[in-house]
Amino acid sequence: MARARKPTPAPPQPSAEAGSPASAWPLSARERSLVSRRLLAWFRRHGRDLPWRRDAQPYRVWVSEIMLQQTQVERVCDYFRRFLERFPSVERLAEASEADVLAAWQGLGYYRRARQLHACAQRVVAEHAGRFPSTVAELSALPGIGRYTASAISSIAFGRPEPIVEANSRRVLARLAGYDRPLSGTAGDGPIWEIAAGLVPARQAGLFNQALMDLGAMVCRPAAPSCTACPLARHCVALRDGRTDELPRLATPKPSVAIEEVALLVVHDGQLLVVQRGEAEWWAGLWDVPRAAGPLGPLRRAAARDGRLLGEVRYGVTHHRVRVDVVQLPAEAAAAARATVADGSRSPASALGVALASEPAATAWVSLSGLAALAMPSPARRILELLTSPLPASPGEHISSSSISA
Ligand code: SF4
């Protein structure tokens with residue numbers, strides 16, 4: 001049985017194109033050229049002035065595109081400037097330590113991007129003499145560069161006629177062509193890539209792609225698109241059919257998964273015990289306090305026996321909802337913990353033993369002044385805010401290398 005369609009009001013008519021019928025898709029060559037010209041003209045007047053657009057060198061385009069994955073444009077602007085000051089070239093980034101790159105990335109989240117950025121810089125220097133390749137195939141062979149990022153660099157930095165599909169342009173293209181199937185945001189978006197490939201012009205492809213993204217961000221917004229201000233209104237199937245509120249159709253999101261953990265704040269002799277996240281974990285390479293997921297009951301009992309429950313921290317990671325009970329060990333238990341960590345015995349009977357059972361990449365004792373310099377994910381910093389007995393500051397004292405154990 002056909003799905004009942006929600007009745008929609010008559011579509012608003014765009015002022016400049018009033019009375020013009022929408023183009024039939026797929027578009028003729030002449031209409032594709034019109035779409036391109038209208039979009040570029042709109043972009044010249046209304047496009048966003050973003051720091052990485054002032055000089056579209058491959059290095060700058062690449063850094064901005066990696067930062068923009070899962071982070072809002074407004075937030076990225078500041079980070080981009082600071083990152084470029086610290087690492088002004090791909091060579092400088094390649095020769096930096098991973099710890100420095102992670103520290104510069106702090107606050108942007110999704111730290112895997114920073115590690116891949118660093119690995120990619122080293123490959124570009126080692127295999128391409130510090131010059132980014134220009135083709136999608138070569139770019140896609142580099143760490144952390146997927147189809148979208150490769151096409152963005154190739155078109156924006158090198159002017160190649162490569163299409164792009166990201167959140168904003170995907171929405172514009174789906175509405176423009178009246179694409180009616182659910183969008184997944186991944187491999188299922190193949191038809192949208194084909195629509196994009198059919199529109200991208202042979203010249204000024206980079207500007208065209210950036211214009212498409214800006215149109216999605218500023219005019220063809222998810223809710224209540226400003227069709228009367230849209231330069232592509234004449235070509236838009238969703239507008240013609242009164243379906244701008246129905247399209248694009250989105251795939252059903254993954255159900256969220258609840259995770260419960262206990263975090264342990266272990267303070268001894270003015271230092272806090274921290275662990276470095278392992279390769280297979282979220283935030284690999286970053287520092288955190290010891291914690292463990294698992295059956296909350298036994299952990300809770302162990303935590304209650306070993307320490308004091310300070311409160312809880314909640315946050316989301318991808319489609320996971322994480323709740324962390326934060327426990328601080330009393331002084332005697334912390335002293336015993338120091339000996340435990342030092343001799344490598346990690347009794348599963350203690351809360352700390354359970355927390356360290358996940359085999360962190362390294363453990364370290366860090367003073368308060370050292371904590372500020374550590375690359376830590378923001379949930380770890382929120383956990384530390386619950387620390388009720390602040391560590392005495394020890395200026396100049398950071399991680400003692402002798403205290404790090406892998
Ligand atoms: S803003 Fe309106 S007319 Fe323009 S592409 Fe989006 S839905 Fe179509």
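Just so you know, ligand 1 is whichever comes first in the structure, and atom 1 is the first atom listed for that ligand. For the numbers below, each heavy atom of this structure counts, side chains included, while hydrogens, waters and symmetry mates do not. Keep in mind that this is a model prediction, so the values were computed, not measured.
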Over all atoms of both residues, closest heavy-atom pair of P51 and C77: CD-SG, 3.7 Å

Residues R147 and D189 bridged, charged N to O under 4.0 Å: no

Distance-only side-chain donor-acceptor flag, D269 / Q271, under 3.5 Å: no

Distance-only donor-acceptor check, side chains R113 and Q69, under 3.5 Å: no

F80 side chain reached by L50 side chain, heavy atoms, under 4.5 Å: no

Exercise: do S226 and R221 side chains pair donor with acceptor under 3.5 Å: yes

Sphere of radius 2.8 Å around atom 4 (Fe) of ligand 1 - protein N, O or S atoms inside: C230 SG

